[in-house]
Visitor: 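I have a structure here, written as structure tokens, and I will follow up with some questions on it.
A, B, ... follow the sequence lines: proteins, then strands. Residue 1 opens every chain.
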Protein chains: 2
Amino acid sequence: MLTISQLAAYAGVTVRAVRHYHQIGLLPEPERDASGYRRYSAGAVVSLIRIRILANAGVPLSQIGQMLEADASTFAAAIEEIDRQLDDEIARLEASRKQIAQLAAGDRLALAPEVITYLDRLRDIGVSERVIAGERDSWILMSARWPDRVREWMPGKIAQLDDPQLIRLYRILSEIFESDTSDDARLVEAADILASLAEQAYRSGEIDLGEVARDDLPFDLLDALAVEADPRVQRLLDLMRERGWDGLARLERLAEPPT
Amino acid sequence: MLTISQLAAYAGVTVRAVRHYHQIGLLPEPERDASGYRRYSAGAVVSLIRIRILANAGVPLSQIGQMLEADASTFAAAIEEIDRQLDDEIARLEASRKQIAQLAAGDRLALAPEVITYLDRLRDIGVSERVIAGERDSWILMSARWPDRVREWMPGKIAQLDDPQLIRLYRILSEIFESDTSDDARLVEAADILASLAEQAYRSGEIDLGEVARDDLPFDLLDALAVEADPRVQRLLDLMRERGWDGLARLERLAEPPT
DNA sequence: GCTTGACCTTGACGCTGCGTCAACCCTCCA
DNA sequence: TGGAGGGTTGACGCAGCGTCAAGGTCAAGC
């Protein structure tokens, strides 16, 4: 008769594992000797080895019991099912690996290459890092909400960066948010340019972003994000409202502009 | 300000997950409103999305905090480490899949194809299923102890099945263990054949199994297994001992046979 | 003003497969 | 006879939440 550690050694498992199998009823509890020790027969070694073979093959312990008792066809069906699950798991992990390969640098986190290009273009134009960080966070939100649409929008956004008015706007915003003082005149200037750009876009119908619902919340969220990043953005929002526009990330015509 | 369910919805996670991230300190707890509800800023959405991106890429939650704060090179090193771990995990699962593909039928469980062939040969010879089951269990034990050596031994074992004496032995054993009566004469006959075979093997030096230690326990275990399967095996062991041989699975010369 | 349903709170167990103490008993060998 | 090296049960820990339980809160309709 064998002790638990001998049994475990023969089967190549730990003593703890054997006791675990007893607990969950996978391996029957053997008789105890006078001192309460478990005493195993040679057959237990075979049982334990058969359990380990299935476990090593990735079969969950909870299914091994039934499988050892099953007939050939039931067994085969179970094997097939396990195989499918293993395959799924492998697919999941490989998807993870692909994801992780994308995460080259912290800056790129979550962003499609098109967006990275856009941010780099802003940097070229001379936009301050603070404003770029704000843009980046906005695009992280947008990407989470519309992962596919964002990539479609980017070429248009990048093309817009050729517009001298827009470049001027970004430079003014950079100056404003890079300084610690409150320069209201510059904020007014920014608002004027923004309103002008919005007016152009409105006339040419460019504002249409496709099927993105007008009342979908992310745009409010984007504005809130900007205000959080710098409270002076609130003043900008107010100025825009005076000019007949609601919001910032997504301008909404409130009324005909005062003529 | 957002409620926890709004936050969760924006980031595409469950409320429970958000609370979990608070618990483990991954996402900072926000202020509470008058009634004790958590109230989130827009920035929290960005934080949460960044967390999920890493988590989806397979980064353990326990490491995400540091990674979000790390500089580019630390980040890259961490990514590489995670990638290695994912790769290991995938390799493990694929090994499992290969294992599982081997487990076509319950009978083959744990046995190399050579052993299956051997068992099939026994069946051809007319050995009873009960004896074959005993053989199978024995080989399961042997395979667990010496997975590689077993495959080397099998060709020799299969060749031995051409020996008429051995065939006769197996048939007698089949008859004995298939009947419920105790036919001592047959047991004696079996013992005589076995002793004769052992003597031949001993003279020709075939008994040497290579580096397998003589006192390695599995042989005792095999004998015990056989006795468990049928107590009449004990009588066979006794008869062999009378003939100067110890053991059954691995015959050990006790003394020169009585002349 | 009251009910109803949806949403918030903390606390705690469950899942998987054991590893790892803790606290104590048993056996064997010098 | 003492100490080393077995054995015993019991319980927590691990990862990442899912899922009750047992309430308090809010907004809306009557």
Visitor: Take the protein atom CG of A/L26 and the nucleotide atom P of C/dT16, then report the distance between them rounded to whole Å.
Guide: 13 Å

Visitor: Mind telling me whether A/H22 and A/Y40 have parallel, tilted or perpendicular rings, with 30° and 60° as the class edges?
Guide: parallel

Visitor: Mind calculating the distance between CD (A/E89) and C1' (D/dA15) to the nearest angstrom?
Guide: 13 Å

Visitor: Examine D/dC26: is either OP1 or OP2 under 4.0 Å from a nitrogen or oxygen in the side chain of B/S35? Give yes or no.
Guide: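 Yes.
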
Visitor: Short question: side chain of B/Q99, backbone of A/N56 - any donor-acceptor pair under 3.5 Å?
Guide: no

Visitor: Under 4.0 Å between a side-chain N/O of A/T14 and OP1 or OP2 of C/dC18, yes or no?
Guide: no

Visitor: For residues B/Y21 and B/L61, determine if any side-chain heavy atom of one lies less than 4.5 Å from a side-chain heavy atom of the other.
Guide: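 Yes; the side chains approach each other to less than 4.5 Å.
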
Visitor: Measuring to OP1 and OP2 of C/dC18, would you say a side-chain N or O of A/Y21 lies under 4.0 angstrom away?
Guide: yes

Visitor: When the nearest nucleotide of DNA chain C is assigned to B/R16 and to B/I4 on a heavy-atom basis, which residue is associated with the more 5' position?
Guide: B/I4

Visitor: Using whole Å, what does the distance between atom P of nucleotide D/dG18 and atom CD of B/Q23 come to?
Guide: 13 Å

Visitor: Tell me the interatomic distance from B/Q63, atom CD, to D/dG16, atom C1', rounded to whole angstroms.
Guide: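 Atom-to-atom, B/Q63 to D/dG16, this comes out as 15 Å.
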
Visitor: Is it true that A/E89 and A/R92 have a side-chain N and a carboxylate O under 4.0 angstrom from each other?
Guide: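 Judged by the 4.0 Å cut-off on N to carboxylate O distance, A/E89 and A/R92 do form a salt bridge.
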
Visitor: Respond yes when some side-chain nitrogen or oxygen of B/T3 is under 4.0 Å from OP1 or OP2 of C/dC7, and no when none is.
Guide: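 Negative; the distance criterion is not met.
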
Visitor: Closer to the 5' end of DNA chain D via nearest nucleotide, is it B/A34 or B/P60?
Guide: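 By nearest-heavy-atom nucleotide position, the 5'-most residue is B/P60.
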
Visitor: Between atom CZ in A/R92 and atom C1' in D/dA15, what is the gap in whole Å?
Guide: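 Answer to the nearest Å: 12 Å.
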
Visitor: Between B/Q66 (side chain) and B/Q63 (backbone), is there a donor-acceptor pair under 3.5 Å?
Guide: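 Not at all, since once roles are kept as given, no pair shorter than 3.5 Å links the two residues.
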
Visitor: Between A/Q6 (side chain) and A/T3 (backbone), is there a donor-acceptor pair under 3.5 Å?
Guide: yes

Visitor: Let me check the geometry of the helix from C/dG1-D/dC30 to C/dA30-D/dT1. What is the bend angle between the axes at its two ends, five pairs each, to 10°?
Guide: 30°

Visitor: I need the NE2-P distance between B/H20 and C/dC13, as an integer number of Å.
Guide: 17 Å

Visitor: Taking only the side-chain nitrogens and oxygens of B/S5, find out if one of them lies under 4.0 Å from OP1 or OP2 of C/dC8.
Guide: yes

Visitor: Does A/R52 put a side-chain nitrogen or oxygen below 4.0 Å from OP1 or OP2 of C/dC18?
Guide: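 Looking at the OP1 and OP2 atoms of C/dC18, one of them is under 4.0 Å from a side-chain N or O of A/R52.
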
Visitor: Is B/R39 close enough to C/dT9 that one of its side-chain N or O atoms is under 4.0 Å from OP1 or OP2 there?
Guide: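 No, because none of the side-chain N or O atoms of B/R39 sits under 4.0 Å from OP1 or OP2 of C/dT9.
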
Visitor: Please report, rounded to the nearest Å, how far the C1' atom of C/dG11 is from the NE2 atom of B/H22.
Guide: 17 Å

Visitor: Got a salt bridge between B/R149 and B/E152, using NZ or NE/NH1/NH2 to carboxylate O under 4.0 Å?
Guide: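 Looking at B/E152 together with B/R149, the answer is yes, because their closest N to O distance falls below 4.0 Å.
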
Visitor: Using distance alone, with no hydrogens and no angle criterion, decide if B/E81 and B/Q85 have a side-chain donor and acceptor under 3.5 Å apart.
Guide: yes

Visitor: In whole Å, I'd like the distance from the CG atom of A/D33 to the C1' atom of C/dC25.
Guide: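 Value for this atom pair: 12 Å.
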
Visitor: Within the pair A/R19 and D/dT8, is there a side-chain N or O less than 4.0 Å away from OP1 or OP2?
Guide: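 Yes, such a contact exists.
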
Visitor: Does A/R32 place a side-chain N or O at less than 4.0 Å from the phosphate oxygens OP1/OP2 of D/dT9?
Guide: yes

Visitor: Using a distance-only criterion (donor-acceptor N/O pair, under 3.5 Å, no hydrogens), is the base of D/dG24 paired with the side chain of B/Y37?
Guide: yes

